Colleague: 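Quick one: the structure is below, questions incoming.
Positions are given from 1 along the sequence. Everything numeric in this text was worked out from a predicted model, so none of it was measured.
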Amino acid sequence: LPEASKFLADRDYVGAITILMCERKYSNKNDVWTLMALAYASFHSGDYKKALDTYDELIKRHDYDWNVHLFKACCYYALNQYKDAKKECKKAEDEGEVDEALLNRLQLHLAHKMMDEENIMHYHSKLTNTVED
C-alpha cells in the first residue's frame, strides 16, 4: 500500500489509519503488513486499545512476528497496565527471537514503575551506548 507507506513516512498516523481502514473494509486487505501498519499507526496516534486489538488479531495468525508481544507490552505500559505488560514481555522472552534491546528497555521501565530495585539494576547494567538506550 504505497499510499499508507507515504503517510507513515510523513508520520501522519491518522491519515495512514484512514487509508488502511478503507483498504481493509473495501478490499478485504488483512495481510500481515496491513495489520502491522495499522497497529503501529494506532499506537503512535495514542489509540493503544485499537493497537492491542490489532496485535491480538495478528496473534491469531500463524505467521506473526514474536515482537508483537513486545509491541503489546508497550501498549499496556502506555495504558499503565504494568502487570499485563510484564506478562507480554515474558511471552516474548519465552516464545521466540525478539528485539532484545527493546525488551531490556521495556523491562527496565517496568521494574522502575513497579519499584523493583533488584531488576532495575539488572536491566540497567544491560544498557548499551546506543541512542535508544
Side-chain angles (χ1 to χ4, degrees):
L1 299 172
E3 302 89 17
S5 295
K6 178 168 177 4
F7 283 100
L8 289 171
D10 291 342
R11 295 187 177 132
D12 180 355
Y13 301 116
V14 175
I17 290 168
T18 302
I19 296 291
L20 293 164
M21 292 301 290
C22 285
E23 285 292 322
R24 286 189 73 194
K25 184 175 181 178
Y26 299 112
S27 301
N28 291 323
K29 290 253 184 187
N30 287 310
D31 57 290
V32 172
W33 188 91
T34 301
L35 293 174
M36 288 293 283
L38 181 59
Y40 177 87
S42 297
F43 177 86
H44 285 281
S45 68
D47 192 348
Y48 307 116
K49 179 68 176 125
K50 180 159 189 58
L52 280 169
D53 292 342
T54 307
Y55 288 133
D56 285 336
E57 193 174 335
L58 271 163
I59 287 172
K60 291 176 186 173
R61 302 169 63 109
H62 296 291
D63 56 348
Y64 77 95
D65 182 348
W66 287 106
N67 282 304
V68 167
H69 292 290
L70 278 182
F71 304 151
K72 280 185 69 175
C74 290
C75 293
Y76 283 127
Y77 181 86
L79 292 168
N80 299 322
Q81 296 176 359
Y82 305 127
K83 289 180 182 176
D84 291 328
K86 198 167 183 168
K87 286 178 191 174
E88 288 299 325
C89 283
K90 182 75 173 135
K91 287 179 189 176
E93 201 171 31
D94 290 347
E95 297 293 334
E97 292 186 26
V98 295
D99 181 344
E100 293 291 330
L102 175 58
L103 177 62
N104 186 68
R105 285 191 302 277
L106 186 52
Q107 288 175 319
L108 172 64
H109 287 292
L110 287 168
H112 179 262
K113 290 290 187 179
M114 298 172 90
M115 293 184 247
D116 181 354
E117 290 293 327
E118 183 179 325
N119 278 325
I120 289 173
M121 297 310 294
H122 171 73
Y123 295 121
H124 186 270
S125 70
K126 293 170 65 175
L127 293 175
T128 63
N129 281 336
T130 63
V131 172
E132 296 84 4
D133 284 355

Colleague: If every non-hydrogen atom of V98 is compared with every non-hydrogen atom of L103, which pair is closest and at what distance?
Modeller: CG2-CD2, 4.2 Å
Colleague: Report the distance from atom CG of D53 to atom OH of Y48, rounding to the nearest 0.5 Å.
Modeller: 15.0 Å
Colleague: Verify the cluster assignment for L38 and F43: are they in a single hydrophobic cluster under the rule of side-chain heavy atoms below 4.5 Å apart?
Modeller: no
Colleague: Tell me whether the count of non-hydrogen atoms from other residues, nucleotides or ligands lying under 6.0 Å of NE2 in H122 goes above 12.
Modeller: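 Counting other residues, nucleotides and ligands, NE2 of H122 exceeds 12 neighbours.
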Colleague: Show your working on side-chain contact (heavy atoms from CB on, under 4.5 Å) between Y55 and S42 and close with a plain yes or no.
Modeller: CA-CA 11 Å; Y55 288 133; S42 297; over 6 Å; no
Colleague: Any chance you could lay out the side-chain contact (heavy atoms from CB on, under 4.5 Å) test for T54 and Y40, step after step, and finish with the verdict?
Modeller: CA-CA 9 Å; T54 307; Y40 177 87; over 6 Å; no
Colleague: More than 12 heavy atoms of other residues, nucleotides or ligands under 6.0 Å from CZ of R61: yes or no?
Modeller: yes
Colleague: What's the separation between atom CG in L102 and atom SG in C89, rounded to the nearest 0.5 Å?
Modeller: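 Going from CG on L102 over to SG on C89, the span is 8.0 Å.
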Colleague: May I ask whether V14 and M21 are part of the same hydrophobic cluster, defined by side-chain heavy atoms of I, L, V, M, F, W, Y residues being less than 4.5 angstrom apart, directly or through others?
Modeller: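 Unlinked, V14 and M21 end up in two clusters.
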Colleague: What is the minimum heavy-atom distance between H69 and E88, and which atoms define it?
Modeller: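 For H69 versus E88, the nearest heavy atoms are ND1-OE1, 2.8 Å.
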Colleague: Testing the basics here: between S45 and Y13, what is the closest heavy-atom pair and its distance to 0.1 Å?
Modeller: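 Looking at all heavy atoms of both residues, the closest pair is CB-CB, 4.0 Å.
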Colleague: Locate the shortest heavy-atom distance separating D133 from A101; write the atom from each residue and the value.
Modeller: OD1-O, 4.5 Å
Colleague: Which heavy atom in A51 sits nearest to a heavy atom in C75, and how many Å separate them?
Modeller: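 In terms of heavy atoms, the two residues are closest at CB-SG, 3.7 Å.
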Colleague: Are more than 12 heavy atoms from other residues, nucleotides or ligands located less than 6.0 Å from atom NZ of K49?
Modeller: no
Colleague: Would you kindly confirm whether Y123 and L127 end up in one hydrophobic cluster when ILVMFWY residues are joined by side chain heavy atoms under 4.5 Å apart?
Modeller: yes
Colleague: Can I get a per-line list of side-chain donor-acceptor pairs under 3.5 Å for residues 108-118, giving both atom names and the distance, sequence neighbours left out?
Modeller:
| residue | atom | partner | partner atom | Å |
| --- | --- | --- | --- | --- |
| D116 | OD1 | N119 | N | 3.3 |
| D116 | OD2 | N119 | ND2 | 2.6 |

Colleague: Are L8 and H44 close enough, and set up right, to give a side-chain contact (heavy atoms from CB on, under 4.5 Å), and what steps lead you there?
Modeller: CA-CA 10 Å; L8 289 171; H44 285 281; over 6 Å; no
Colleague: Which heavy-atom pair separates K72 from L52 by the least distance, and what is that distance?
Modeller: O-CD2, 3.7 Å
Colleague: Give, for atom CG of D31 and atom CE of M36, the distance between the pair rounded to the nearest 0.5 Å.
Modeller: 11.5 Å
Colleague: Among side-chain atoms of D84 and Y82, is any donor-acceptor pair under 3.5 angstrom?
Modeller: no
Colleague: In Å and rounded to the nearest 0.5 Å, what is the CZ to CD1 distance from F7 to I17?
Modeller: 11.5 Å
Colleague: Where do K6 and D12 land on the side-chain contact (heavy atoms from CB on, under 4.5 Å) test, with the steps shown first?
Modeller: CA-CA 9 Å; K6 178 168 177 4; D12 180 355; over 6 Å; no
Colleague: Mind checking the CD-CD spacing from E3 to E23? Nearest 0.5 Å is all I need.
Modeller: 6.5 Å
Colleague: Output the distance between atom CG (N67) and atom CG (L58), rounded to the nearest 0.5 Å.
Modeller: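 Reported value, rounded in 0.5 Å steps: 12.0 Å.
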